[in-house]
Every structure is written in C-alpha cells, then in structure tokens.
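One structure is given here, and the rest of the page talks about it.
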Amino acid sequence: MKFMKLGSRPDTFYTSESIRSISSEVSSDLIIQVRGSRYLLHKFPLLSKCLCLQRLCSESPPDSSHHQIVQLPDFPGGVEAFEMCAKFCYGITITLSPYNIVSARCAAEYLQMTEEVEKGNLIHKLEVFFNSCILHGWKDTIVSLQTTKAFHLWSEDLGITSRCIEIIASKVLRHPTKVSLSHSHSRRVRDDISCNDTESLRTKSGSKGWWAEDLAELSIDLYWRTMIAIKSGGKVPSNFIGDALKIYASRWLPNISKNGNRKKNVSQAESESDSASEKTSKHRLLLESIVSLLPTEKGAVSCSFLLKLLKASNILNSSSSSKMELARRVGLQLEEATVNDLLIPTLSYTNDTVYDVELVMTILEQFMLQGQSPPTSPPRSLKTFERRRSRSAENINFELQESRRSSSASHSSKLKVAKLVDRYLQEVARDVNFSLSKFIALADIIPEFARHDHDDLYRAIDIYLKVKNLL
C-alpha cells in the first residue's frame, strides 16, 4: 500500500480539532460549513489556493459579527476531504493513500485548487501521486477504483474511473496465460506491484488466481466495465474469462440449495420487505450482467455452471432474454449435464408443477438445432418468456448462430442426451401435476435412433402411471 505525505510538518498529524484550534489563534473572519460541521478559519491561506472560495467570498457579504459564512453542502468526501484540503492550505501534513486519494482529488477539484491559482497546488500534486504511484500498484489501483463508487459523477468527469480500469486491464493482458485461476489458492501469498517495481508479479504457484479473485471484490458495474476492457484486449483465453465469472458469481450470488425454494405463496410475496426486494433486484442485475459477459465459445464455462445460473435466474425472476440466452448456451453442451442439473424449480404462481419442464423443453430444442440452418420461423417460445431480447442478447446472437452451424451435435452426444431425458422423465413423472401432454412432448423430442434401448423410458412411464393411480 502506498502512502504520501504533503505539507511542511512531516512529523505531525493534526485532527479536525487541531485545525479549529490553530485557526482560532489567527483572525477568524471566515466560517465554512461542510454538512454538519463548521470551521472558523482565517481566509487568506485558503483563498490563496482555492478559486472556488475566492468566488464564494466575493458573492457572500459578512454577517453582523463580521464573519463571512460559506456553505458547502454538496462537498465531495464530506468533512474528511475538506479537512485534507484545509490542512494543505495551512501547510499541515496530510497523508494520502489509495483509500482517500479519490476523495481528495474530487474535493480539490471542487475547490478549484489549480496551478492557475498557485503553482504547486493540490490538484497537481495529487495527479502526480496518482499517476506515478497509485496506478503502478495492482492492489492500489483496485482499491482506488472501489472508492470511486462514492463519487461516481466526479470520478467519471475527472477520468479517474476510466484510468483505473484501463490500467487493471493492461496488467491482466500483459501476461494473460501465465497464471492459473484456481479458486483454492489464497490471495494472501500474492505479490503486489509496487510503485518502484512495476513488474513484480510472478507466476509462482502461490500467486494462482490473483487477478480473478482480486477483481471479484469490485461492485458489479465496475466489474462489468473492467471485464469488458479485458475481453476487448483479445488476449485472455475464453476459459480464463469463464473461470473468472464463476469466481465472481460464487462471491456475490446468494447460495441456492439443491432443489431451491420451490414456491412462495402470494401472501409471502406481498409481505416481502423493501430491503429484501432491493437485495433481490441487485442480485438480478448482477446475474444478468454475468450472463452478458459469458464468452460465446462453446465450453468456455461448464454446462453445470450455466444451469446453476439458469436456476438462479428463475429464483430471481430475471429477464426473459437472460433466461433464453442461458437456455441456448446450455443447449450447445447439454450432453455434459446431469439429471440434477436439469431439475430447475418453477416459481411461477400460474404453474402447478414442481419443476420448470417448459424451460427444459426449450433447452432440448436448442440442442437439436445444432448444425441446422437457422429456422425460417422462430422456435416454440415459452409462455412465460417474452419475445423481446435485451441488447446484449442481440449483440451475440449472430455469433451463437455461427457456432450452431459449425458444431452440429454428434451422434454420441445425442445418445447421451437421450438417456439424460429418459432419466429426467423418471424424476418429473413423480409430480402429480405433471401432464400427459408434457410427458409425451418430452419423450418425442429425442429422435428414435438416439435410443439404443427403451428401458429408462419404460421405467419413467411406469412411474407416471403409478403416480396417476392408473396401475
């Protein structure tokens, strides 16, 4: 972690009370109010460096006590950031770090502490420190990027957010294939890039997983932008991107039990608190963002991971476009799935079945479409899905169509999927509300040649008839 001290008294650290006591020893002819705090200050050390205060003082006449009052209600960084700027004006040491550099920079910009006002002013010194040291450190850059969330508009306007993202992406792209993304290795043994050693990242076994796990600490909007920058570099293998997304999903998506929370009655849904609803919305946005980042290459992520995302999308009531996108991707590698993977709970209040069979039907249709020309009419859509697609889905649809053309489902994969479907039928047949029409539709979707025997299918029929009390 890098630190820098600015000021003429390097051995002394002053608190906010120190500022007040020092300023009371001189002519206290300026009152500055930052949110709930007031400061009695001598104006000239401040005005000599702050163009903003010069302007405000010229517009604000003194009150009856001969004190000018300046209010800064929307000051970025609050009292802590203001005190840093005030200390700098008074020649008092301030300590900078990745945790406060962004707030200090935004505050200095607010006060207009530029070189035009005075040479060697705070903005210049902060920029030098930020560019020459903070951006040279891997962890420091990530910490600074995280802090931009509190100053979103300021950080965007000053280019702080974009600079951090560009630097992080460039460091990942520098050696994209020389590290493993194993999630089992501790980040504590990672080597950080220091200000004096920009190439200190080593690829020893102890540093495995360094960039994916570190980036998993970012909020989803910053993570999304960073991953887009990394992907656009074109140097990171798709499976590395996929593994990074799995690490991020495991870090932020709520744990979902094997069978999920199958249903929530209407009264429970209506009594859901605002905070819980807000949390669900955040998880939904997170999941949809992960879906938009998934590599288009087949096999970049496992079928099991895709189906976990699909289960989560049902629970979080994600957009229909995200569900359809996942269904298409699962269909491309369905032979890897297990029966448990396909047991996706249905949470629709209008559907009485335990599992979302309609969604599995869509996955199977996508599997059977591999190697075929794009259909002249759209495939059968689920009644619970809207036909509208998100922009992210539209952007990658062409690539997915090309993938289908070039990778038709092999005969062996169809044999595996046929057995998978028959065993899936055995599970869903235990649901008393599972209709005969859906049973037949699922059984018929597999071509006859894909079944070497019908033992599993007969077993599913036997279970269904017993549940319906027809045997």
Side-chain angles (χ1 to χ4, degrees), residues 1-4 76-78 80-81 84 95-110 123 125-176 179 181 187-188 190-195 197-201 207 209-233 235-236 240-241 243-245 247-252 282 285-286 289-290 292-293:
M1 195 67 64
K2 318 308 174 305
F3 295 93
M4 179 183 183
E80 293 83 1
M84 290 179 67
T95 302
L96 299 172
S97 75
Y99 294 97
N100 64 16
I101 183 68
V102 175
S103 62
R105 178 65 182 86
C106 296
E109 187 70 22
Y110 183 101
I123 288 178
K125 291 184 180 294
L126 292 175
E127 282 292 329
V128 170
F129 177 61
F130 185 71
N131 291 321
S132 64
C133 204
I134 293 294
L135 293 182
H136 277 247
W138 166 258
K139 186 175 180 180
D140 293 345
T141 307
I142 292 177
V143 170
S144 296
L145 179 59
Q146 287 175 305
T147 64
T148 62
K149 284 286 292 181
F151 317 98
H152 173 68
L153 294 179
W154 285 95
S155 298
E156 292 291 348
D157 290 343
L158 296 174
I160 298 173
T161 306
S162 59
R163 279 184 282 172
C164 287
I165 290 173
E166 288 170 6
I167 289 296
I168 291 170
S170 69
K171 293 184 188 301
V172 172
L173 293 170
R174 191 175 303 160
H175 303 292
V179 291
L181 285 174
R187 301 202 314 269
R188 289 179 295 180
R190 182 185 58 249
D191 292 309
D192 290 324
I193 298 179
S194 67
C195 185
D197 183 10
T198 59
E199 298 293 339
S200 65
L201 273 175
S207 65
W210 63 274
W211 71 266
E213 293 184 353
D214 284 343
L215 295 190
E217 299 301 318
L218 294 173
S219 59
I220 185 58
D221 51 341
L222 295 174
Y223 181 81
W224 190 89
R225 290 173 60 181
T226 304
M227 290 299 294
I228 288 294
I230 292 172
K231 290 178 68 177
S232 64
K235 294 182 179 179
V236 180
F240 274 49
I241 298 295
D243 285 345
L245 294 175
I247 290 174
Y248 192 82
S250 66
R251 170 70 174 82
W252 292 106
K282 289 180 179 179
L285 172 63
L286 187 151
S289 299
I290 291 175
S292 71
L293 289 171

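These numbers come from the heavy atoms of this one structure, side chains and all, not from hydrogens, waters or symmetry mates. Count residues from 1 along the sequence. Being a predicted model, the structure only gives us computed values, none of them experimental.
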Show the atom names and distances, to 0.1 Å, of all donor-acceptor pairs under 3.5 Å that link a side chain in residues 150-162 to residues at least two apart or in another chain.
{"residue": "Ser155", "atom": "OG", "partner": "Phe151", "partner atom": "O", "Å": "2.8"}
{"residue": "Glu156", "atom": "OE2", "partner": "Arg225", "partner atom": "NH1", "Å": "2.5"}
{"residue": "Ser162", "atom": "OG", "partner": "Gly159", "partner atom": "O", "Å": "3.1"}

Looking at [atom1] of [X] and [atom2] of [Y], how far apart are the two atoms once the value is rounded to the nearest 0.5 Å?
{"X": "Ser289", "Y": "Leu245", "atom1": "OG", "atom2": "CG", "result": "10.5 Å"}
{"X": "Ile123", "Y": "Phe130", "atom1": "CD1", "atom2": "CZ", "result": "14.0 Å"}
{"X": "Leu135", "Y": "Ile168", "atom1": "CG", "atom2": "CD1", "result": "9.0 Å"}
{"X": "Ser170", "Y": "Ile165", "atom1": "OG", "atom2": "CD1", "result": "12.0 Å"}
{"X": "Ser292", "Y": "Met227", "atom1": "OG", "atom2": "CE", "result": "10.5 Å"}
{"X": "Ile167", "Y": "Ile142", "atom1": "CD1", "atom2": "CD1", "result": "12.0 Å"}

A side-chain contact here means heavy atoms from C-beta on lying under 4.5 Å apart; do [X] and [Y] qualify?
{"X": "Ile220", "Y": "Trp252", "value": "no"}
{"X": "Leu222", "Y": "Gln146", "value": "no"}
{"X": "Ile290", "Y": "Trp224", "value": "no"}
{"X": "Arg105", "Y": "Glu109", "value": "yes"}
{"X": "Val172", "Y": "Thr226", "value": "no"}

Looking only at heavy atoms, what is the nearest atom pair of [X] and [Y], with distance?
{"X": "Ala108", "Y": "Leu126", "answer": "CB-CD1, 4.0 Å"}
{"X": "Arg251", "Y": "Ala216", "answer": "CG-O, 3.7 Å"}
{"X": "Gly137", "Y": "Thr141", "answer": "O-OG1, 2.5 Å"}
{"X": "His136", "Y": "Asn131", "answer": "CD2-O, 3.4 Å"}
{"X": "Ile134", "Y": "Ser97", "answer": "CD1-C, 4.4 Å"}
{"X": "Ile241", "Y": "Leu293", "answer": "CG2-O, 4.2 Å"}

Passes salt bridge (charged side-chain N to carboxylate O under 4.0 Å, His left out), Lys139 versus Glu217? Steps please.
CA-CA 11 Å; Lys139 186 175 180 180; Glu217 299 301 318; over 6 Å; no
Using ring-ring contact (aromatic ring centres under 6.0 Å, His included) as the criterion, list what pairs up with Tyr223, not counting sequence neighbours.
Tyr248
For side chain to side chain contact (heavy atoms under 4.5 Å, CB included), just list the numbers for Phe240 and Ile230, CA-CA rounded to whole Å, side-chain angles, deciding distance to a tenth of an Å, and then say yes or no.
CA-CA 11 Å; Phe240 274 49; Ile230 292 172; over 6 Å; no
